[in-house]
Amino acid sequence: MGCPKEYSTKGGMGAALLSDPDKIEKILSTLVKGTHRPVTCKIRILPSLEDTLNLVKRIERTGISAIAVHGRNREERPQHPVNCEVIRAIAETLSIPVIANGGSHDHIQQHLDIEDFRQATAASSVMVARAAMWNPSIFLKDGLRPLEEVMQRYIRYAVQYDNHYTNTKYCLCQMLREQLESPQGRLLHAAQSSQEICEAFGLGAFYEETIRELDARRADLLARTPEAVEEPAEDTSGIIKMAVRFDRRAYPPQITPKMCLLEWCRRERLPQPVYETVQRPIDRMFCSVVTVAERKYQSTLWDKSKKLAEQTAAIVCLRSQGLPEGRLGEDSPSLNKRKREAPDQDPGGPRIQEPALPGKICKKPFVTLGSSEDNLLEGC
């Protein structure tokens, strides 16, 4: 109940819950009764000390094991000073452990400051957020490590454990902070892949070596478990199916299987792929069938979004035809990212769009499966 951002509060979540003590009590009581594991919660302070103490007493009576307190109210932001006195008053009032939060920058800049903040708030322990993002070595008792060293080690971990480059980039930006306008900061800001991040920090050779090792491990695993590699199979309805998923991390930025399939159709002068997507009401998952050259292709696995479902359908088509799908390290024809002219259209002339005829489908169809409707993708 500490997040003050609109994406939480507009739905009545985060710090918005602080204005509804009855709902807080109901949620926490239900959780405590429904599990044998410890239940904790986190709050921000209220505008008045009296209201804050009344709320935390009510929260304690639900049976929770500990409470974390961010020493700012819902309207305050990091530039406002954290209120250690209110956290201390809460700690002195409650019998359960109180976890102090909000001391980054003003109070916590190195490891020794963590204990000082704990004593200033009389809390049982301290929760560190921003200061840990800025330099995770703040938890080392012998002092902070140089930021360059920390970032280099972080990047190595991120590559070795296949962390998505967008998350790696975000965390590194948090570490650089005011150095984002430096030459290295600008290179990081422009990076669109893990490889480009590594190159910005002089780790290009490490990235290539690590990727080779990871690819060798994957190949060895597949060689030892050939049954895990499914061949495309055509079912009784004539749809070619495979159990595949689309993993964005396996593809270069702005390159997708759908793009590769569209490019191939253009080179072969085939009509562009047509995707038919349905949604299951029970779990709101999606499945898509793509039609290419009068053949239909579909993944047997359902996806969380319409876009993902279309990508997996494109993968099935490409793999069935033995075509490259644009994966990292795959030899693929270069993709023309600009829209192409129609074969019979003068590139220098004006673009003419045919008027839509009555009943003609102009967009990719999308339907939601109802309980009484026939399943358009039988066997999905």
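As a basis for the values below, the full set of heavy atoms in this structure was taken, side chains included, without hydrogen atoms, waters or symmetry mates.
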> Are the side chain of Glu25 and the backbone N or O of Ile59 linked by a donor-acceptor pair below 3.5 Å?
Replying inline: no
> Does any N or O in the side chain of Arg88 come within less than 3.5 Å of the main-chain N or O of Gln119, such that one atom is a donor and the other an acceptor?
Replying inline: yes
>> So for atom CD, which belongs to Gln272, do other residues, nucleotides or ligands contribute more than 12 heavy atoms lying within a distance under 6.0 Å?
In response: no
> Where is the tightest heavy-atom contact between Cys287 and Ser299, given as atom of each residue plus distance?
Replying inline: SG-O, 3.6 Å
> Is there a side-chain contact between Glu325 and Tyr251 (heavy atoms, below 4.5 Å)?
Replying inline: yes
>> Regarding Ser288 and Thr277, do their side chains bring together a donor and an acceptor under 3.5 Å, going by distance alone?
In response: yes
> Does any non-hydrogen side-chain atom of Lys258 lie less than 4.5 Å from one of Tyr275?
Replying inline: yes
> Backbone N or O of Leu31 within a donor-acceptor pair of the Thr35 side chain at under 3.5 Å?
Replying inline: no
> Taking the six-membered ring of Tyr165 as reference, does the NZ or CZ atom of Arg249 fall below 6.0 Å from its centre and within a 45° cone about the axis?
Replying inline: no
> Taking all non-hydrogen atoms of both residues, which atom of Met127 and which atom of Asn101 are closest, and how far apart?
Replying inline: O-ND2, 3.0 Å
>> Show the nearest heavy-atom pair for residues Ser104 and Arg130, with the distance to one decimal.
In response: O-NH2, 3.1 Å
> In this structure, are over 12 heavy atoms from other groups packed under 6.0 Å from Arg37 atom CZ?
Replying inline: no
> Of all heavy-atom pairs between Ile315 and Pro257, which one has the smallest distance, and what is that distance?
Replying inline: CG1-CG, 3.5 Å
> Among the clusters formed by ILVMFWY side chains lying less than 4.5 Å apart, do Val56 and Ile27 turn up in the same one?
Replying inline: yes
> Heavy-atom count around Arg245 CZ within 6.0 Å, excluding the residue itself: above 12?
Replying inline: yes
> Are His70 and Lys42 close enough that some pair of their side-chain heavy atoms sits under 4.5 Å apart?
Replying inline: yes
>> Do Tyr154 and Met133 land in one hydrophobic cluster if side-chain heavy atoms of ILVMFWY residues count as linked below 4.5 Å?
In response: no
>> I'd like to know if Val98 and Val39 are part of one continuous hydrophobic network [Ile/Leu/Val/Met/Phe/Trp/Tyr, side-chain heavy atoms within less than 4.5 Å].
In response: yes
>> So for atom CZ, which belongs to Arg58, do other residues, nucleotides or ligands contribute more than 12 heavy atoms lying within a distance under 6.0 Å?
In response: yes
>> Are there over 12 heavy-atom neighbours, none belonging to Glu178, within less than 6.0 Å of that residue's CD?
In response: yes
>> Between Glu276 and Lys296, is the side chain to side chain contact (heavy atoms under 4.5 Å, CB included) condition met? List the steps.
In response: CA-CA 10 Å; Glu276 299 175 83; Lys296 295 182 181 293; 3.4 Å; yes
>> Does Glu181 have more than 12 heavy atoms from other residues, nucleotides or ligands lying within 6.0 Å of its CD?
In response: no
> Would a distance-only check, ignoring hydrogens and angles, find a side-chain to backbone donor-acceptor pair under 3.5 Å from Arg77 to Arg74?
Replying inline: yes
> Any idea which heavy atoms bring Arg319 and Arg327 closest together, and the distance?
Replying inline: NH2-NH1, 3.8 Å
> Does Gln109 reach the main-chain N or O of His105 with its side chain, forming a donor-acceptor pair under 3.5 Å?
Replying inline: yes
> Under 6.0 Å from the NE2 atom of His164, do we count more than 12 heavy atoms belonging to anything else shown?
Replying inline: yes
> Do Leu214 and Leu328 belong together in a cluster built from hydrophobic side chains that touch within less than 4.5 Å?
Replying inline: no
> Is the backbone N or O of Leu140 less than 3.5 Å from a side-chain atom of Ser137, with the two atoms forming a donor-acceptor pair by type?
Replying inline: no
>> Is the terminal nitrogen or CZ of Lys307 (NZ for Lys, CZ for Arg) located under 6.0 angstrom from the six-membered ring centre of Phe246 and within 45° of that ring's axis?
In response: no
>> Determine whether Leu147 and Met175 satisfy the following criterion, side chain to side chain contact (heavy atoms under 4.5 Å, CB included), listing intermediate values before the conclusion.
In response: CA-CA 8 Å; Leu147 189 59; Met175 296 181 198; 4.0 Å; yes
>> Keeping Gln321 on the side-chain end and Leu318 on the backbone end, is there a donor-acceptor pair under 3.5 Å?
In response: no
> Has the side chain of Thr312 got a donor or acceptor atom that lies under 3.5 Å from a matching backbone atom of Ala309?
Replying inline: yes
>> Does Glu92, at its CD atom, have more than 12 non-hydrogen atoms belonging to other residues, nucleotides or ligands within less than 6.0 Å?
In response: yes
> Do the side chains of Thr40 and Ile64 get nearer than 4.5 Å, heavy atoms only?
Replying inline: no
>> Ring-plane angle category for Phe117 and His107, please: parallel below 30°, perpendicular beyond 60°, tilted otherwise.
In response: tilted
> When you look at Val244 and Leu301, which way does the side chain to side chain contact (heavy atoms under 4.5 Å, CB included) test go after all the steps?
Replying inline: CA-CA 7 Å; Val244 298; Leu301 305 178; 5.9 Å; no
>> Any side-chain to backbone donor/acceptor pair from Gln152 onto Glu148? Under 3.5 Å, distance only.
In response: no
> Does Ala15 offer a backbone N or O that forms a donor-acceptor pair with the side chain of Arg44 under 3.5 Å?
Replying inline: no
>> Nearest 0.5 angstrom please: Leu176 CG to Lys169 NZ, how far?
In response: 12.0 Å
>> Assess the residue pair Lys10 and Glu6 against the criterion (salt bridge (charged side-chain N to carboxylate O under 4.0 Å, His left out)); give the C-alpha distance rounded to whole Å, side-chain angles, the decisive distance to 0.1 Å, and a yes or no.
In response: CA-CA 5 Å; Lys10 69 180 180 181; Glu6 184 182 1; 5.4 Å; no
> How long is the gap from CG on Asp303 to OG on Ser305, to the nearest 0.5 Å?
Replying inline: 6.5 Å
> From Gln160 CD over to Phe206 CZ, what is the distance, rounded to the nearest 0.5 angstrom?
Replying inline: 4.5 Å
> Can you find a heavy atom in the side chain of Cys265 that is under 4.5 Å from one in the side chain of Val292?
Replying inline: yes
> Is there side-chain contact between Phe201 and Leu188, with at least one heavy-atom pair below 4.5 Å?
Replying inline: yes
> What distance separates Leu28 CG from Thr62 OG1, expressed to the nearest 0.5 Å?
Replying inline: 4.5 Å
> Please walk me through it: do Ile24 and Leu55 pass side chain to side chain contact (heavy atoms under 4.5 Å, CB included)?
Replying inline: CA-CA 9 Å; Ile24 293 174; Leu55 175 63; 4.0 Å; yes
> Is there side-chain contact between Glu213 and Glu208, with at least one heavy-atom pair below 4.5 Å?
Replying inline: no
> What are the two closest heavy atoms between Ala132 and Ile138, and how far apart are they?
Replying inline: CA-CG2, 4.2 Å
> Do you reckon Ile155 sits in the same ILVMFWY cluster as Tyr207, going by side-chain contacts under 4.5 Å, direct or chained?
Replying inline: yes
>> To the closest 0.5 Å, what do you measure between CD1 (Ile90) and CD1 (Ile67)?
In response: 6.5 Å
>> For a salt bridge (charged side-chain N to carboxylate O under 4.0 Å, His left out) check, start with the C-alpha distance between Arg280 and Asp283, then their side-chain angles and the critical distance, and finish with the verdict.
In response: CA-CA 6 Å; Arg280 268 191 320 217; Asp283 56 6; 2.7 Å; yes
> To the nearest 0.5 Å, what is the distance between CD1 (Ile87) and CZ (Arg118)?
Replying inline: 13.0 Å
> Do the non-hydrogen side-chain atoms of Asn83 and Ile45 ever get within less than 4.5 Å of each other?
Replying inline: yes
